[in-house]
Amino acid sequence: TSILLRILSRVLLVAASDWLSVRQPRKNPQDTTIPSWSQIGQGITQAVEVNKRSGERWIVVDARASATRYFLGLALGATAALILGLAMGCLTPVEAFGHPPLALLAQVPPTAALAVFFVLVGTGDNMYVAMIAFGVLPTLAMTVYLAVKEFPDELLFKAYTLGASHAEVIWTIMFRQVLPKFIDAMRLAIGPAMVYLIAAEMV
């Protein structure tokens, strides 16, 4: 039953897409929002074949550009979030200074601030990277911060009793305790980061 329902859900999706692709061109022949099978085939052919003017394959050029922007922005945002989240969780002055703006920015979608990114970093590759980095940074930093705050006091007291320094407690104990939750948050940030990149590229 489960297998049949999975197959049925996919068949219904394909059928709905096929019906819409026939219905939309009747209203507007120039509308390619929901392409027909022939338009999809033409698009794939155009993307895969070598372009006569540039001598390059569009799919390779576009994929390389998007992947570079995506992974660079995600890596910068995640690294900064991990460091900032640990610092806020472990150091009271950093928490007092950084928590209010990060808690606010975590509620603001980066796509709503596209104009700000244009003004601050221009419209080149830096804009894509900055949008992804700042898009994932607040949420990831708050995740790390809350994970540090949930750290058991008993483990903290034991570490200091055994002679551990502040740096050893942070990087040897707290970091390992926080890492699983950080990886989960990173997994959930993959989709939103892709949305930020697509929105920036479309604009």
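Note that the structure is a prediction, hence the values are computed from the model and not measured. What's counted below: heavy atoms across the whole structure, side chains too, no hydrogens, waters or symmetry copies.
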Problem - Where Gln177 and Pro180 come nearest, the two heavy atoms and their spacing - result: O-CD, 3.5 Å
Exercise for the section: Kindly state each residue pair satisfying ring pair (Phe, Tyr, Trp, His ring centres under 6.0 Å) with at least one member in residues 48-83, sequence neighbours excluded. Expected result: none
Handout entry: Hphob cluster co-occupancy, Val14 + Ile3, side-chain heavy atoms under 4.5 angstrom
Key = no
Practice task
Please list all pairs passing the side chain to side chain donor-acceptor pair (under 3.5 Å) test where one or both residues lie in residues 190-203, with sequence neighbours left out.
Solution key: Ser66-Glu201, Arg69-Glu201
Practice task
Mind jotting down which residue pairs meet the side chain to side chain donor-acceptor pair (under 3.5 Å) criterion with at least one end in residues 78-92? Sequence neighbours excluded, please.
Solution key: none
Exercise for the section: Find the distance between CG (Leu179) and CG (Leu82) and round it off to the nearest 0.5 Å. Expected result: 7.5 Å
Fill in the blank from the handout: Applying side chain to side chain contact (heavy atoms under 4.5 Å, CB included) to Lys158 and not counting sequence neighbours gives none
Handout entry: Backbone N/O of Arg64 and side chain of Thr68: donor-acceptor pair under 3.5 Å
Key = yes
Handout entry: Partners meeting side chain to side chain contact (heavy atoms under 4.5 Å, CB included) with Arg187 (sequence neighbours left out)
Key = Asp184
Exercise for the section: Side-chain contact test, heavy atoms from C-beta onward, threshold under 4.5 Å: evaluate it for Leu156 versus Met174 and give yes or no. Expected result: yes
Exercise for the section: Say whether, by atom type as modelled, one donor and one acceptor occur between the side chain of Ser9 and the main chain of Arg6 under 3.5 angstrom. Expected result: yes
Practice task
State, yes or no, whether a side-chain contact exists between Leu8 and Leu4 at a heavy-atom distance under 4.5 Å.
Solution key: no
Output side-chain donor-acceptor pairs under 3.5 Å for residues 140-153, partner residues at least two apart or in another chain, one line each.
residue, atom, partner, partner atom, Å
Thr143, OG1, Thr139, O, 2.9
Tyr145, OH, Glu95, OE2, 2.6
Lys149, NZ, Glu95, OE1, 3.3
Glu150, OE1, Lys181, NZ, 2.5

Problem - Transitive ILVMFWY side-chain link Val195 to Ile132, under 4.5 Å - result: no
